[in-house]
Protein chains: 2
Amino acid sequence: MQQSSDAADNILNAAEQLFALKGYDGVSVRLVAEQACVSKASVFHHFGSKELLYEAVLKRASAEFEALLGRLGGNTGNLRDRLSTFVKEHLTCIYDKPSLSHLLLREVLEPGSDVSYTKAAGVLGSSFAKLTAVLRDEKQSQTIKPETDPALLAYLLIAANVFFFQSQKFIQHMSEIDFAGDNSRYTEAVVTYLLDGVLSHSGVPADH
Amino acid sequence: MQQSSDAADNILNAAEQLFALKGYDGVSVRLVAEQACVSKASVFHHFGSKELLYEAVLKRASAEFEALLGRLGGNTGNLRDRLSTFVKEHLTCIYDKPSLSHLLLREVLEPGSDVSYTKAAGVLGSSFAKLTAVLRDEKQSQTIKPETDPALLAYLLIAANVFFFQSQKFIQHMSEIDFAGDNSRYTEAVVTYLLDGVLSHSGVPADH
DNA sequence: GTCTATATAATGATAGAC
DNA sequence: GTCTATCATTATATAGAC
């Protein structure tokens, strides 16, 4: 009976942080053991191998993140509110657990990893599917243009959030950018631009 | 006088491919030497250390990619054409040299890497700056709404392209997505959605 | 379950012959 | 400049005492 964490959990937590920061190849079992304040042998005792440890980290991360994303998409109201809420909450999920996000994103987006076998792909895929469903719904209600591809629009919104998270450090060094830390201003702008467009209306809408 | 490649170049090419695919920690000097058909010692003779080899790869990649991006932004015409051309050519640059793109993007976006010291950040930054300049130009001409942030819009367009490239493998496994391999259809949709918006015009534009 | 000690392979890097 | 042979160090993983 420990305060709140047994050894296996300590190891899992340490591994999660380290793998998230440096990737699988950048982390040694010795480092994980040090950070978890246990011996190397203890790590192998609990998880068998470095690969199995990594899989355990991924499995827990996927489940945890899936749970976070589970609440998304349940909103009602008009399109603007539904989308705005979805995108804002989606970005909040990502920033709420940055280690999990980095871990799962790397697994899905890195060229070396095999996407088809990865559970991480399911996590990103499920939020995308939900958003696509919302947009298909709105398309039937004719609130968005009939020539709009709901999947492509959903993909763009997810992309905007994911890239914003990924490039967080980068954009803090860019003088042109002043929305770096302002998540809600960013998501609002994304939704607004995509819904209304950025073109000035000189009386003439989309047209063709 | 060799046909077209001396040993140092062979090594650099092999290292570029491998680092792009597996990252710095995922590649050993032995592997680079094997792929370049030289001995390990030869690698150290030409580049001094693994770190210096990596830096040499990054340096060449940055210069090469910067040259590719150099042609962007020179287009004239209306906003739609300028943007459409820029975004399409930008994506073409990325896909033209996938190894360079992976290499530089990892350097900029990975949490473990130090952004401020990296030349790779300058490459991504310069294309962003160019696109921002184009949009600031158009804002003065009042072709885009005064409340639009040119930097944020430019960022979104770059994000759309970069994420499309990054998630290439992933989206091929998604049944909802049918624009996976169609780069020009994708960029056209991105530009159109952002310029015109996706909302149906029931007679009422942006409003307020 | 925890540890120390160890086995074995691979790592980055060097020495020195040719 | 090229290589083989070798160095010291670290890697993953195991053995076995407590």
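These figures come from a predicted structure and were not determined experimentally. Residue numbers begin at 1 in each chain, while the letters A, B, ... track the order of the sequences.
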Indicate, with a heavy-atom threshold strictly under 4.0 Å, whether A:V32 touches base, sugar-phosphate, or nothing. nothing

If I compare all heavy atoms of [X] with all of [Y], which pair ends up nearest, and what's the gap?
{"X": "B:K139", "Y": "B:T148", "result": "NZ-O, 2.9 Å"}
{"X": "B:A33", "Y": "B:V43", "result": "CB-CG2, 3.9 Å"}
{"X": "B:A151", "Y": "B:F128", "result": "O-CE1, 3.4 Å"}
{"X": "A:L100", "Y": "A:A61", "result": "CD2-CB, 3.5 Å"}

Hey, could you give me the [atom1]/[atom2] distance between [X] and [Y], rounded to the nearest 0.5 Å?
{"X": "A:E89", "Y": "A:D96", "atom1": "CD", "atom2": "CG", "answer": "11.5 Å"}
{"X": "B:L12", "Y": "B:L53", "atom1": "CG", "atom2": "CG", "answer": "7.0 Å"}
{"X": "B:S101", "Y": "B:Y95", "atom1": "OG", "atom2": "OH", "answer": "9.5 Å"}

Centre of A:Y193's six-membered ring, under 6.0 Å away, within 45 degrees of the axis: is that where NZ or CZ of B:K145 sits? no

Distance check needed: C:dT11 P versus A:D25 CG, whole Å only. 11 Å

How many whole angstroms separate atom CG of B:L31 from atom P of C:dA9? 19 Å

Centroid-to-centroid, A:F163 to B:F163, below 6.0 Å? no

Assess whether a salt bridge exists between B:E34 and B:R30, defined as any Lys/Arg side-chain N lying under 4.0 Å from an Asp/Glu carboxylate O. yes

Contact span of DNA chain D against chain A, any nucleotide atom under 4.0 Å from a heavy atom, 5' to 3', runs D:dA11 to D:dA15

Helical bend (five base pairs per end, nearest 10°) for the helix from C:dG1-D:dC18 to C:dC18-D:dG1: 10°

Please work out which residues in residues 35-51 of chain B have a non-hydrogen atom less than 4.0 Å from an atom of DNA chain C and list them by number. B:K40, B:A41, B:F44, B:S49, B:K50

